[in-house]
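This report concerns only the one structure given below.
So you know, we letter chains A, B, ... as the sequences are listed, proteins then strands, and number each from 1. This is a predicted model, so every value here is computed, not measured.
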Protein chains: 2
Amino acid sequence: MARYQIIADALRSRILSGEYEADEPLPSQRDLASHFGTAMMTVRQALDLLCQEGLLVVEHGLGTFVASVGAGHEIVSLGGFTEEMNAHHIGLSTAVLGLDASVEEPKAAEMLGLRARAGLSVLTRLRSVGGLPVVHQRSFMAGRFHNVMRQYDASRSLYVMLREGGGFTPTSYREHVTACAAPTSVARALQVTPGCPTLLSHRITFAATGVPFVYDQAYMAPERIELVVEKKGVAFTAEYLPIAASILSAHSLAEVAPVSANN
Amino acid sequence: MARYQIIADALRSRILSGEYEADEPLPSQRDLASHFGTAMMTVRQALDLLCQEGLLVVEHGLGTFVASVGAGHEIVSLGGFTEEMNAHHIGLSTAVLGLDASVEEPKAAEMLGLRARAGLSVLTRLRSVGGLPVVHQRSFMAGRFHNVMRQYDASRSLYVMLREGGGFTPTSYREHVTACAAPTSVARALQVTPGCPTLLSHRITFAATGVPFVYDQAYMAPERIELVVEKKGVAFTAEYLPIAASILSAHSLAEVAPVSANN
DNA sequence: TAGTGGTCTAGACCACCAA
DNA sequence: TGGTGGTCTAGACCACTAC
């Protein structure tokens with residue numbers, strides 16, 4: 001693997017784990033170069049990568065910073081909702097609504113590559129931003145993860161737990177997003193009127209080996225959170241943003257620097 | 001201006017003028033470097049820029065090529081809905097519901113970087129797949145495009161028209177997706193019940209110069225079309241797929257190639 | 001002025017692909 | 001094998017920001 005990718009991986013994990021605070025600059029390129037024992041150009045390649053992923057913002061003459069939505073720049077997500085919010089320092093709180101064992105849910109089981117009647121472990125959570133519930137999420141996993149799940153602590157990331165407890169690192173996912181009327185129980189949790197239109201997401205997450213290991217079903221409250229898809233040339237990003245935050249970043253549209261005019 | 005930007009500008013204008021054919025390789029990086037009298041690294045910076053704009057595709061060991069849509073590469077969904085569906089060989093038909101001039105829509109005007117009371121040209125279309133309406137779309141453009149718009153022909157792509165008639169090539173966009181109850185008129189067009197939950201997309205599309213030039217508002221019928229977001233490592237894709245088609249592609253999940261493990 | 005990122009060089013060697 | 005792109009070095013100098 002290329003050196004710059006190794007450097008990028010190292011920095012990415014530090015950023016996602018919150019090791020680097022927002023508005024706190026990373027070490028300078030020179031320091032990073034000497035720390036990793038490479039030339040500055042190599043460090044810059046790593047930083048470029050993380051910028052494209054939206055994790056960093058570099059400011060000429062000032063330093064390199066962890067991207068925060070308010071700071072007015074791009075974004076990205078690496079799977080976990082928690083990481084997504086952490087990376088942008090959005091105050092996300094999670095409440096566990098329930099943890100069930102041996103649930104039969106043929107569709108989820110099929111997505112996970114299990115037989116239809118396999119018992120699943122299901123974690124139901126409510127995500128809130130600024131005290132307002134935004135996402136009602138049910139995560140389905142194979143029954144053998146249930147013991148790991150019982151140690152789930154709302155302050156941690158489910159993905160981190162599964163990485164440590166199950167040895168699975170999410171590397172890819174596929175998500176289908178539709179609109180759907182909120183079921184009564186979900187509506188109550190989200191504090192919206194039953195039947196109200198919500199975003200419904202089905203996400204299947206794969207480990208590095210290509211094995212599916214989590215299936216998520218999430219209802220999102222309208223006017224509180226939305227999906228923002230961005231494409232610049234070939235670079236895609238897609239992530240959920242609380243509306244207040246995405247309005248902020250929408251305003252920064254006007255500030256988008258004119259890309260090199262043709263003179 | 002930086003050397004790599006000068007090189008990029010020179011190459012970009014040659015590409016856009018058709019001086020370089022599609023599928024015809026550019027001179028090698030070494031040749032370009034000696035031609036422009038710079039180091040290879042500098043040429044590569046220029047090429048990187050053009051790749052991000054989606055104008056070039058580089059292939060390791062083969063050469064650098066002008067990106068051509070449909071040449072069997074990634075460049076799918078470069079904005080247009082028509083291209084997106086074509087790329088998947090989905091039978092998309094488009095009906096024009098209306099073309100209005102001098103519409104005042106402050107929000108759309110703001111997104112386009114115009115003053116709030118600017119008169120806009122608005123094209124309303126209904127997209128159908130297999131005879132079933134799936135998308136109700138309103139496209140807002142600056143009033144000066146109205147004459148171009150009057151020649152709009154449902155069999156062509158709006159983006160192609162704007163490229164030829166207005167000289168604008170879409171290179172990036174930003175899209176916000178939420179859930180929303182279908183307004184009566186939209187519901188009638190989509191043949192769904194009024195108030196039914198729909199996906200609502202707001203998309204602002206930018207030209208290579210960074211200038212916004214189209215603002216789209218689209219309502220999508222639930223259970224007929226959905227947004228599929230996929231991530232493999234750092235590679236993102238996001239596209240709308242009719243449900244039948246996305247079920248097909250969901251089956252191909254099992255074939256997802258194992259993404260490069262951590263060494 | 002001192003520290004930061006931005007650009008650039010003139011090579012070197014590696015990895016990939018086709019003939 | 002020969003040509004292509006991919007990565008990397010060990011500096012140099014420029015541009016921007018803050019104090």
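For A:Tyr4 and D:dT9, the OH to C1' distance is 16 Å, given to the nearest whole Å. Regarding B:Leu32, its CG atom lies at a distance of 17 Å from the C1' atom of C:dA10, rounded to whole Å. Rounded to an integer number of Å, the gap from A:Asp31 CG to C:dG5 C1' is 13 Å. Atoms CE (B:Met40) and P (C:dC13) sit 15 Å apart, rounded to a whole Å. Atom CD of A:Gln5 and atom P of D:dG6 are 12 Å apart (whole Å). With rounding to whole Å, B:Ile6 atom CD1 is found 12 Å from C:dT7 atom C1'. Nucleotide D:dA15 holds its C1' atom 4 Å from the NE2 atom of A:His60, rounded to whole Å. Summarising the geometry, the separation between CD on B:Gln29 and P on C:dC8 is reported as 15 Å, rounded to the nearest angstrom.
With C:dT7, D:dG5, D:dC8 as the candidates, the nucleotide lying closest to the side chain of A:Ala2 is D:dC8. Closest contact between the side chain of B:Leu62 and the listed nucleotides C:dG5, C:dC17, D:dC8 involves C:dC17. The side chain of B:Thr38 lies closest to C:dT9, out of D:dC8, C:dG5, C:dT9. The side chain of A:Arg44 has C:dG6 as its nearest neighbour among D:dT7, C:dA10, C:dG6. The nucleotide whose nearest atom lies closest to any side-chain atom of A:Gln45 is, among C:dC13, D:dC8, C:dG5, D:dC8. Checking C:dT9, D:dG6, C:dG5 against every side-chain atom of A:Met41, the shortest atom distance belongs to C:dT9.
Residue B:Arg3 is classed as a sugar-phosphate contact, given heavy-atom separations below 4.0 Å to backbone atoms only.
Classification of the B:Phe140-B:Tyr215 ring pair by plane angle, with boundaries at 30° and 60°, yields tilted.
For D:dG3, its base never sits under 3.5 Å from the side chain of B:Arg30 at any donor and acceptor pair.
Phosphate contact (OP1/OP2 of C:dG5, side-chain N/O of A:Thr64, threshold under 4.0 Å): present.
Within a 6.0 Å radius of CD in A:Gln5, more than 12 heavy atoms belonging to other residues, nucleotides or ligands are found.
Within the cation-pi definition used here (under 6.0 Å to the ring centroid, within 45° of the axis), B:Arg203 qualifies as a partner of B:Tyr173.
A 4.5 Å side-chain heavy-atom check between B:Arg127 and B:Gln137 finds at least one atom pair inside the cut-off.
Within the 3.5 Å criterion, the main-chain N or O of B:Asp31 finds a donor-acceptor partner in the side chain of B:Ser28.
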